[in-house]
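All remarks here apply to the structure that follows.
Just so it is clear, the model here is predicted, and its values are computed rather than measured. By convention in this document, chain letters (A, B, ...) are assigned in the order of the sequence lines, proteins followed by strands, and residues within each chain are numbered from 1.
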There are 2 protein chains.
Amino acid sequence: MGRKLNLEDIAKLAGVSRSTVSRVINGHPNVSPETRRRVLDVIARENFQPNPAARTLVTSRTQVLGIITPQAATSIFTDPYFPTLIQGVTRVANQHDYAVMLWLANTGEDADPLYRRILGSRLMDGVVVASVVDGDPLIPQLIERDFNFVVVGRPTFDNLNYVDVDNRRAARIAVEHLIRLGRRRIGTITGRLDMVAGQDRLNGYKDALLASGLPVEPELIAEGDFSEASGYVGMKALLERGVDGVFAANDVMAISAMRAIREHGLSIPGDIALVGFDDLPMASAVTPALTTVRQPISRLGEMATEALIRLIEGQLSTPYQAILPTQLVIRDSCGAVTRTGR
Amino acid sequence: MGRKLNLEDIAKLAGVSRSTVSRVINGHPNVSPETRRRVLDVIARENFQPNPAARTLVTSRTQVLGIITPQAATSIFTDPYFPTLIQGVTRVANQHDYAVMLWLANTGEDADPLYRRILGSRLMDGVVVASVVDGDPLIPQLIERDFNFVVVGRPTFDNLNYVDVDNRRAARIAVEHLIRLGRRRIGTITGRLDMVAGQDRLNGYKDALLASGLPVEPELIAEGDFSEASGYVGMKALLERGVDGVFAANDVMAISAMRAIREHGLSIPGDIALVGFDDLPMASAVTPALTTVRQPISRLGEMATEALIRLIEGQLSTPYQAILPTQLVIRDSCGAVTRTGR
DNA sequence: GTGAAAGCGCTAACAA
DNA sequence: TTGTTAGCGCTTTCAC
């Protein structure tokens, strides 16, 4: 691998000075069209790319974004939530000429030193933060260092930049759907209640019952944690107590709940109607019977990243807070009827 | 956010020179224990982290690894392959004080300019490359620039550094399992045949048949592409031709194949025995009946990264080629019997 | 419109 | 063992 060219070399080849080349590269005005063309030619011919380290050293901008996500999220959300989100982030980032660094942190108090290292490193211009749990020291840490960041999923703190889907309304609509089907003993298997998404979905469930004049019975609320196992256990508990409809706070739990229902000798849309959340794509393949809430996850990643970039470039009026609508997807045995979430 | 400290500041606070601080940070010998302690104290107290850009500028090492994966991979492998791999990569990278950059590239010929940009950028010391398809210009590009890289999944090129599972042997064992169950008309739904994994799994299927004296019948080979849709279509075709056993090259296809079988009015372990590949964790929840090949995907990411780091640091004897064993996981309605893959 | 020169924060050769 | 100094490759005043 021959030595890399630098600005000086390009300047020499184009018969101009280093600064002129720099101006051309950075699109500054005050370069004669003729010179600009000559320089661009050389750059293209030599396939020149300026050294990002040198550039960062002087501008203290890295053109790198981070995405920080608790390691747990990749196992909790066995569904493709994580890759989908990342896809949205990288797409937008790359479009705007940003690279993306990925940090999978183990959540919890002991994560603090790791966060210090990450945030103190001047490696990134800002970060997208996903799936924070209550009490995670990341957000306070970010605020303290006034780091640029946008959260995916509404945080407990106020006045932060975030994007989220309307979990509460989505859950409400899901449960109202069950009510409209004539179900009256509707249970729920909750997500992690130390995550806002889990709380919101539970509240939406309650909203729907209250609005319809149905009682909110604690025994019909099985606390889960978004995991497969908890869906199964939660459903077993609800079966004990008798239900004719269930709202599961995500599809992973919905699917293991289905297994529990079948093992109990009951049929799915008949004896117990089930609505899931997350739209794990696999679910549709396996379980055409499952009604589910579809989230625009990729869009979430894109919007977070767009906001972050504007924040970095000083053109975002904060706090930026976007709430995206969801869809309730109802399937019959063959096709799928899609209803907007409102 | 107050101005960041630099080496000079630390030096002043510790009453030494810039170079001594540098020596301490980089663990050079020839620093008196006393001085070292004093400097370390100041560094700890001030929470100092050296500026990576400046460091990179002079050492031309970034302490950043990349992971490049065709965008398609995140949709083809709807299963958690991708997040699991990434998890392995980031864990090892962070352990060794490397950051990780993520690039999701659209594969195909038009990806070439993107690759040039990525690889020409001096942003990374090396990359882990995942799921390359035949004809993708990435590998030639990497070789041309003699970039440090390790491939996950055996590449078509020879003499490269790679880690892979033993796809061929795993497929063979899967099919031998079907044969042992007494099946004689065993079909397969293949993966993408422009990916080595797809080819290997098909070859393993043939190996098993040949070794058992069964004929390899082209009509029992349905070409798929790892996608849900192709599993369904492929299975329909095989049903036309009559089979009593099927090896699907991944679980996504296996699951849609199950749907096709059921719609055809046949029972799964009874009429048609099915073996899948990839061990999509969801599969076990949905389909206790499905036998599947489990791959150590996270381990794959870890080993690739360990090798890459050794390569970067000049202590890897190349070519480094690691083939990991798989497991055939056979489930009965309750528990799971696990057999090693050989 | 263009060039000369200073300096970003670090490492590494060389002197002491 | 420690300090001095010369760059690494770029951006950015400041002259012209």
Would you mind reading off the distance between [X] atom [atom1] and [N] atom [atom2], rounded to a whole angstrom?
| X | N | atom1 | atom2 | answer |
| --- | --- | --- | --- | --- |
| A:R38 | C:dG1 | CZ | P | 15 Å |
| B:N51 | C:dC10 | CG | P | 6 Å |
| A:L123 | C:dC10 | CG | P | 14 Å |
| B:K12 | C:dG9 | NZ | P | 12 Å |
| B:I10 | C:dG9 | CD1 | P | 13 Å |
| B:F48 | C:dG9 | CZ | P | 10 Å |

Side chain to side chain contact (heavy atoms under 4.5 Å, CB included) against [X], all qualifying residues, sequence neighbours excluded:
| X | value |
| --- | --- |
| B:L13 | B:V42, B:E46 |
| A:R37 | A:E34, A:D41 |
| A:E302 | A:R91, A:V92, A:S298, A:R299 |
| B:E313 | B:R61, B:Y98, B:I309, B:Q315 |

Set of residues satisfying side-chain hydrogen bond (donor to acceptor under 3.5 Å, both in side chains) with respect to A:R38, sequence neighbours excluded |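 For A:R38 there are no side-chain hydrogen bond (donor to acceptor under 3.5 Å, both in side chains) partners, ignoring immediate neighbours.
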
What residues, two or more places apart in sequence or in another chain, satisfy side-chain hydrogen bond (donor to acceptor under 3.5 Å, both in side chains) together with B:R55?
-> B:N26

Examine C:dG9: is either OP1 or OP2 under 4.0 Å from a nitrogen or oxygen in the side chain of B:N6? Give yes or no.
-> yes

In terms of the nearest nucleotide of DNA chain D, which residue is placed more toward the 5' end: B:R122 or B:T20?
->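 Its nearest nucleotide being more 5', the pick is B:T20.
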
Pairwise 5' ranking along DNA chain D for A:E8 and B:V16, keeping only the more 5' one =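 First, find each residue's nearest nucleotide; the 5'-ward one identifies B:V16.
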
Worked verdict on B:D9 versus B:R18 for salt bridge (Lys or Arg N to Asp or Glu O under 4.0 Å) | CA-CA 8 Å; B:D9 300 324; B:R18 190 155 87 238; over 6 Å; no

Determine to 10° how strongly the helix from C:dG1-D:dC16 to C:dA16-D:dT1 is bent, judged from the axes of its five-pair ends.
->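 Terminal axis comparison yields 40°.
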
What pairs meet the side chain to side chain donor-acceptor pair (under 3.5 Å) rule with one or both residues in residues 148-160 of chain B, with sequence neighbours excluded?
-> B:R154-B:D200

For A:R116, check salt bridge (charged side-chain N to carboxylate O under 4.0 Å, His left out) against everything at least two apart and list the hits.
-> A:D112, A:E144

Sequence neighbours left out, what passes salt bridge (charged side-chain N to carboxylate O under 4.0 Å, His left out) with A:D134? Give chain and number order.
-> none

Sub-4.0 Å heavy-atom contacts from residues 30-37 of chain A onto DNA chain D, ordered by number |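 Nothing qualifies; none.
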
Using a 4.0 Å heavy-atom cut-off, write out nucleotides 11-16 of chain C from 5' to 3' as B (base contacted by protein), S (sugar-phosphate only) or - (no contact).
-> BBB---

Considering heavy-atom distances to DNA chain C, does B:Q49 or A:S17 have its closest nucleotide positioned more toward the 5' end?
->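 Checking each residue's closest nucleotide, the 5'-ward one belongs to A:S17.
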
Do the non-hydrogen side-chain atoms of B:D125 and B:V64 ever get within less than 4.5 Å of each other?
->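 No, every pair of side-chain atoms sits at 4.5 Å or beyond.
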
